[in-house]
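Notes follow once the structure below has been shown.
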Amino acid sequence: MIIHVIDNLLPESGGPTSVVIELAKQQALSGRKVAVLCRVAPTTPQAAAALEHAWEGTGVRFFQVPSGRQGCRAEVRRVLDELRPSVVHLHCTWEHILRIAEREARRRGIPTVLSTHGMFHPYPLSLKRWKKQLYLSLFSSTMFSHVAEYLALNSEEADYISR
């Protein structure tokens, strides 16, 4: 069982959302058990129908967690305990649902993969730099040091991650 964790699955969020939807679909079609866990699901009837259609007949399980930290933590725990995944695949970097999922996976000895989706490239890191540096100083020793595998989009991002 693979669980993909992403903050939101809104179509307007672009690349990471599309990647999670298609990756989960393809993994399920290849015989894997797959679930997707997010905080914000599509809200318009058209977007919700498109998501449902994308996974129709694949067996992909979908879970939406509450927005508040306590409710989010409780639901992440419940889903991990219920599904007992072999890997937790985190998508993007900055959202609290990812920290919660990584921490809960680590407590259960479940390996995590982090797809940064370009967020550690030098250019995105230069935007709102002080906020990102503060975040990294607070959470990099816990969250990022326990990730089993990183997936970077380019060599510049991979170089930053390796440092």
Side-chain angles (χ1 to χ4, degrees), residues 1-69 71-106 108 110-121 123-125 127 132 135 139 143-144 146-154 156-158 161:
M1 167 63 74
I2 302 165
I3 296 181
H4 294 277
V5 182
I6 188 166
D7 183 61
N8 77 73
L9 286 175
L10 300 175
E12 59 269 22
S13 295
T17 295
S18 300
V19 167
V20 170
I21 292 169
E22 191 61 27
L23 183 57
K25 176 183 176 179
Q26 293 304 318
Q27 288 173 329
L29 289 173
S30 71
R32 298 280 197 169
K33 292 181 180 177
V34 182
V36 176
L37 184 65
C38 79
R39 188 181 59 80
V40 180
T43 54
T44 67
Q46 298 87 355
L51 180 60
E52 188 177 312
H53 178 71
W55 291 334
E56 189 175 0
T58 64
V60 172
R61 296 188 60 190
F62 174 68
F63 299 89
Q64 183 177 1
V65 301
S67 290
R69 288 195 195 314
C72 180
R73 182 173 289 112
E75 183 65 3
V76 167
R77 287 176 177 163
R78 188 193 71 72
V79 169
L80 291 178
D81 289 342
E82 176 186 332
L83 300 181
R84 301 188 178 279
S86 56
V87 66
V88 172
H89 191 156
L90 308 171
H91 294 269
C92 299
T93 307
W94 312 113
E95 296 81 15
H96 74 272
I97 187 175
L98 302 174
R99 290 191 311 276
I100 291 169
E102 188 281 330
R103 185 179 312 118
E104 294 302 325
R106 183 171 11 110
R108 289 161 177 75
I110 304 165
T112 55
V113 173
L114 175 62
S115 290
T116 58
H117 294 277
M119 297 194 181
F120 282 160
H121 185 275
Y123 178 72
L125 283 174
L127 304 174
K132 291 176 182 172
Y135 181 95
F139 299 113
M143 178 176 174
F144 300 119
H146 298 287
V147 170
E149 192 70 42
Y150 288 90
L151 301 177
L153 292 181
N154 52 61
E156 292 88 356
E157 186 176 32
I161 292 168

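Keep in mind the model is a prediction, meaning the values are calculated, not measured.
The shortest non-hydrogen separation linking Ile100 to Cys72 is CD1-SG, 3.8 Å. The shortest non-hydrogen separation linking Ile97 to Asp7 is CG2-CA, 3.9 Å. Considering all non-hydrogen atoms of both residues, Ser86 and Pro111 come closest at O-CD, 3.4 Å. Looking at every heavy atom in both residues, Leu10 comes nearest to Pro42 through CD2-CA, 3.8 Å. Residues Trp55 and Leu9 share a closest heavy-atom pair of CH2-CD1, 4.0 Å. Ala35 and Met1 make their closest contact through N-SD, 3.8 Å (heavy atoms, listed as atom of the first residue, atom of the second, distance).
Residues Val76 and Arg103 form no side-chain contact, since every pair of their non-hydrogen atoms from C-beta on lies 4.5 Å or further apart. With a 4.5 Å cut-off on side-chain heavy atoms, Ile3 and Val36 do not count as touching. You'll find the side chain of Phe62 stays beyond 4.5 Å of the side chain of Leu37, heavy atoms only.
Not one N or O on the side chain of Gln64 forms a donor-acceptor pair closer than 3.5 Å with the backbone of Cys38. Remark: side-chain polar atoms of Thr17 are not paired, donor with acceptor, to backbone N or O of Glu12 under 3.5 angstrom.
When Thr112, Leu80, Ile2, Val34 are each tested for a side chain to side chain contact (heavy atoms under 4.5 Å, CB included) with Pro85, only one passes: Leu80. Among Val88, Val5, Leu90, the one residue that satisfies the side chain to side chain contact (heavy atoms under 4.5 Å, CB included) test with Leu114 is Leu90.
Judged as a salt bridge (charged side-chain N to carboxylate O under 4.0 Å, His left out), and not counting sequence neighbours, the contacts of Arg77 are Glu104. Residues passing the side chain to side chain donor-acceptor pair (under 3.5 Å) test with Glu75 are Arg78, sequence neighbours excluded. Partners of Arg61 under the side chain to side chain donor-acceptor pair (under 3.5 Å) rule, at least two apart in sequence or in another chain, are Glu82. Every residue two or more places apart in sequence or in another chain that forms a side chain to side chain donor-acceptor pair (under 3.5 Å) with Gln26 is listed here: Glu22.
Evaluation of the ring pair (Phe, Tyr, Trp, His ring centres under 6.0 Å) test over residues 4-29, restricted to residues two or more places apart or in two chains, returns His4-His89, His4-His91. The list of side-chain hydrogen bond (donor to acceptor under 3.5 Å, both in side chains) pairs with a residue in residues 42-51, not counting sequence neighbours, is empty.
Within 6.0 Å of the CZ atom in Arg84, the count of heavy atoms belonging to other residues, nucleotides or ligands does not exceed 12.
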Evaluate side chain to side chain contact (heavy atoms under 4.5 Å, CB included) for Lys33 paired with Gln27, printing each intermediate quantity in order.
CA-CA 8 Å; Lys33 292 181 180 177; Gln27 288 173 329; over 6 Å; no
Please lay out, stage by stage, how Ile6 and Glu95 fare under the test side chain to side chain contact (heavy atoms under 4.5 Å, CB included).
CA-CA 8 Å; Ile6 188 166; Glu95 296 81 15; over 6 Å; no
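Atoms NZ and CG, from Lys25 and Leu51 in turn, are 11.0 Å apart once rounded to the nearest 0.5 Å.
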